[in-house]
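Atoms considered below: every heavy atom in the structure, side chains included; atoms not considered: hydrogens, waters and symmetry mates. Chain identifiers are assigned alphabetically (A, B, ...) following the order of the sequence lines, protein sequences preceding nucleic acid strands; residue numbering begins at 1 within each chain.
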Amino acid sequence: MTQLVQPMSVEGSSALLEGLNPRQREAVLYRGPALLIVAGAGSGKTSVLTRRIASLLETREAWPSQVLAITFTNKAAGEMRERVRHLVGHAADGMWISTFHSACVRILRREAEVFGYASGFTIYDSGDQRALLKRIVKQYEADVMGLSVANVGARISKLKNELIDAESFSRDVNLADPKEALFLTIFREYTRTLQAANAFDFDDLIAQTVYLFRAFPHVAEPYRRRFRHILVDEYQDTNHAQYALIRELTKPAPGVPAASLTVVGDSDQSIYAFRGADIRNIIEFEQDFPEATVVLLEQNYRSTQTILDAANAVIANNFDRKPKNLFTAGGAGDKIVGFTGYSGHDEAQFVADEIEQLHRNGMEYREIAVFYRTNAQTRALEEILIRSAVPYRILGGTKFYERAEIKDAMAYLISVANPADALAVRRILNTPKRGIGPATETQLANFAERNGVTFREALRHAAELGFGPKVTKAITALSDLLDEATAMTVPPAEGNAPIPVFDVLALLMQKSGYVDALRASKDPQDEARMENIEELLAVTKEFQRNNPDGLLIDFLTETALVAAADELDDTSGTVSLMTLHTAKGLEFRAVFLTGIEEDLLPHRMSVNEPGGPSEERRLFYVGITRARERLYLSLAMTRNSYGETSVSAPSRFLAEIPGELIDWRQSPGMTGPGAGGRAAGSLGWSSGGVGAGAGQAKPKTEWTNRVTGKVRDNGDLELAIGDRVRHDDFGEGRVQAITGTAAKRIAEVQFDTAGRKRLLVKVAPIVKL
DNA sequence: GTGAAGGGGCTTTTT
DNA sequence: GCCCCTTCAC
């Protein structure tokens, strides 16, 4: 529904303010150098931000090109652009609405030459960073000093987020400590290698942009002139480098006053301190920007009062916060449903059953989400959801772009786009197998080092290095293929469309023999890998459709910066599974918070960190406040980790929710605050189900802890309506309906004791009687 | 140089 | 429980 925007009077009586409460109106209309909008969960901040932008355009206070809006994910950016477009039409197209990382890439691609990089630089993800560090750590045998790839990587990341590069670190480091000295060496080597590869890691994207602006004011100046209105969402999760970037952009340029800055945030939702987010950025905003005005949004438009009461009660236990209380004009809604499973599988079965129940009552699968603290928890959930034929989708986790075959294919593209990137070229050197082993690779690397050329260039000199004819031929063929692909990617002349990325990738995959190797393989997994390559080819097609003038480098940029939440597809018709971190900024009609146990939430690793438990509590708070109508809290008495079963205890956070808000279908039998936290044993667990039973009669649960994780295959078991079946866990029942075909055939079975279930015939542990 | 088999270590969360 | 790395035979 398109909304006609009328000219706004100074008091602001335009359509833009329709339906807004007084606080929200103030946030839209306030004009000044700095505005902090403290936006509680579900308080309509996106509405406020988009209307604020629209209002600036409408009153001619800003051109579209003068607006820079920063969001946390690309998906959020896309949504914001959509909503602004709804309000102001295509004026929205001229604005920069993007994530910190995307905005910085855009700047760096334009300005890279100024400080010694080429515009086609590669963006290294955490996997690339790890691969590179692995090589360096090995080279210096740093692991014997206790410097692991993981902790070196984390430390470098932390330093970069603090804008401390290798050289400034070297000024402060205590060189008498050999471990510190070695760390410095690695940090330097890592920096040098990235530079030589014409590559930036994630942290560099921000930090290098700051360095660029500081070192070259004439580069920063056009951006300072251009962006007159800067808006930053999720400000509580910005780190120091991002903060510095904002400061750089809001400096006055000659003859131009400082840009106006609007930040939106909620310190109760700060969950990224582990990644360098500095909560002080928001807490000290008023000191940083002395003329700042603060607007507080507390009215919630998302959740029922019951859900908000739970959220308020939990977060109130964080002592160092400004008091804030979410409230709604909507009703109390349903009680929160609690469930304690005997095992992770039992818990998962509860989730699956409740999802089916919701679905039967008319809720779409896509309106339901399941959250968890760690990615490892997905396994049990997946097993049960598959069996129960619940359509689901996991966001994040082992991401598409992290799969080996996809990284291989991308490495081919990167080798073309950025020939300086030795990491990419080395990755494809012997992928698929061409008989080029580590010895040959080292020789090529040495040649490159000796002659001061890139690894890519060294390939061209294979004939001079005295390799055998087979090896030489293999190297030359690869080199020629890369040249052929490179020739396809030269930017087209004005008015001509570029050669589609699809064609470049297809050529590389064909002529390199990559797809042939997968097709010829006997490994059944390679069939799936082949499908993934085809999927990637489809992605390139899609990219070209959306960006007819998009070049290879644009494709690589886009794929390098996809975030977990970006994968969310509102039309998918599936239940969404994700970590609590990924859930930030999203909302669902029904939310399942699983694994609410000590050592999981709060996570064991966080308990002894300063600020750890508070951050975990905020994470719980974020999870609770994602739910609009229905909230489920579940946990398990035992959980498998490392292949071993261990006893778990209810999370301390559970006791912080007033008991009357929760309807326990099966209670953990908490004895009060502090029931959790104890190590093991059966402490804190009651011996049986306490079912308060507001819902339907609780089926017997003796079977539940016997749910096994075995994958089976019933092949083409034929079932018809009326057949009796026996299920390993649910006992005997009668088939009520059959839907779907082949591998997706689903049987609806009314079990004698366990209720009605949907089962995926192929994998369900059933036999026909 | 390649592939199979066995041992060690690990998991917090992510742009 | 699984992944990754090392080791060993061909």
Answer yes if the ring centres of A/Phe274 and A/His581 are under 6.0 angstrom apart, and no otherwise. yes

Check the geometry between A/Phe274 and B/dT13 and answer yes if their rings are stacked (centres below 5.5 Å, planes below 30°), otherwise no. yes

Of the listed nucleotides (B/dT13, B/dT15, B/dT11), which one gets closest to any side-chain atom of A/Met605? B/dT11

Which nucleotide in the list B/dT11, B/dT15, B/dT13 gets nearest to the side chain of A/Ala376? B/dT11

Could you state the atom-to-atom distance from [atom1] of [X] to [atom2] of [N] in whole Å?
{"X": "A/Gln129", "N": "B/dT14", "atom1": "CD", "atom2": "C1'", "result": "12 Å"}
{"X": "A/Asp599", "N": "B/dT11", "atom1": "CG", "atom2": "P", "result": "16 Å"}
{"X": "A/Asn151", "N": "B/dT11", "atom1": "CG", "atom2": "P", "result": "11 Å"}
{"X": "A/Lys584", "N": "B/dT15", "atom1": "NZ", "atom2": "C1'", "result": "10 Å"}
{"X": "A/Gln377", "N": "C/dG1", "atom1": "CD", "atom2": "C1'", "result": "16 Å"}
{"X": "A/Leu395", "N": "B/dT13", "atom1": "CG", "atom2": "P", "result": "15 Å"}
{"X": "A/Arg130", "N": "B/dC10", "atom1": "CZ", "atom2": "P", "result": "13 Å"}
{"X": "A/Met578", "N": "B/dT14", "atom1": "CE", "atom2": "P", "result": "11 Å"}

For the P atoms, the ones on C/dC4 and on B/dT13, what distance do you get once it is rounded to whole angstrom? 15 Å

Could you give me the CA-CA distance, side-chain angles and deciding distance for A/Leu133 and A/Ile156, then say whether side-chain contact (heavy atoms from CB on, under 4.5 Å) is met? CA-CA 10 Å; A/Leu133 280 173; A/Ile156 289 177; 4.1 Å; yes

At under 4.0 Å, does any side-chain N or O of [X] touch on OP1 or OP2 of [N]?
{"X": "A/Thr579", "N": "B/dT14", "value": "yes"}
{"X": "A/Thr582", "N": "B/dT14", "value": "yes"}
{"X": "A/Asn375", "N": "B/dT14", "value": "yes"}
{"X": "A/Lys138", "N": "C/dT6", "value": "yes"}

Which atom pairs link the protein and nucleotides 1-6 of chain B when you take only N or O atoms and keep those under 3.5 Å?
unit_1 : atom_1 : unit_2   : atom_2 : d
B/dG1  : OP1    : A/Gly437 : N      : 3.1
B/dG1  : OP1    : A/Thr440 : OG1    : 3.0
B/dT2  : OP1    : A/Gly435 : N      : 3.2
B/dT2  : OP2    : A/Asn430 : ND2    : 3.1

Less than 6.0 angstrom from the centroid, inside 45 degrees of the normal: does A/Arg426 satisfy that with respect to the ring of A/Phe455? yes

Going by heavy atoms in the side chains, are A/Phe620 and A/Leu633 under 4.5 Å from each other? yes

Just need the stems in DNA chain B: three or more back-to-back Watson-Crick or G-U pairs, each with both distances under 3.5 angstrom, sorted by first number. B:1-10 with C:1-10

CZ of A/Arg393: more than 12 outside heavy atoms within 6.0 angstrom? yes

May I ask you to decide whether A/Glu615 forms a salt bridge with A/Arg618, counting only side-chain N to carboxylate O separations under 4.0 Å? yes

Mind checking the OG-CG spacing from A/Ser646 to A/Asn640? Nearest 0.5 Å is all I need. 7.5 Å

Distance in Å, A/Lys160 NZ paired with A/Asp204 CG, rounded so as to fall on 0.5 Å steps: 3.5 Å

Between A/His101 and A/Arg379, just flag the one whose closest nucleotide in DNA chain B comes earlier from the 5' side. A/Arg379

In short, A/Asn318 meets A/Ser614 closest at the heavy-atom pair ND2-O, 3.2 Å

Name the residue from A/Phe100, A/Tyr235, A/Tyr272 that meets the ring pair (Phe, Tyr, Trp, His ring centres under 6.0 Å) definition with A/Phe72. A/Tyr272

Look at all strands and tell whether A/Phe100 reaches a base, only sugar-phosphate, or nothing, counting heavy atoms closer than 4.0 Å. nothing

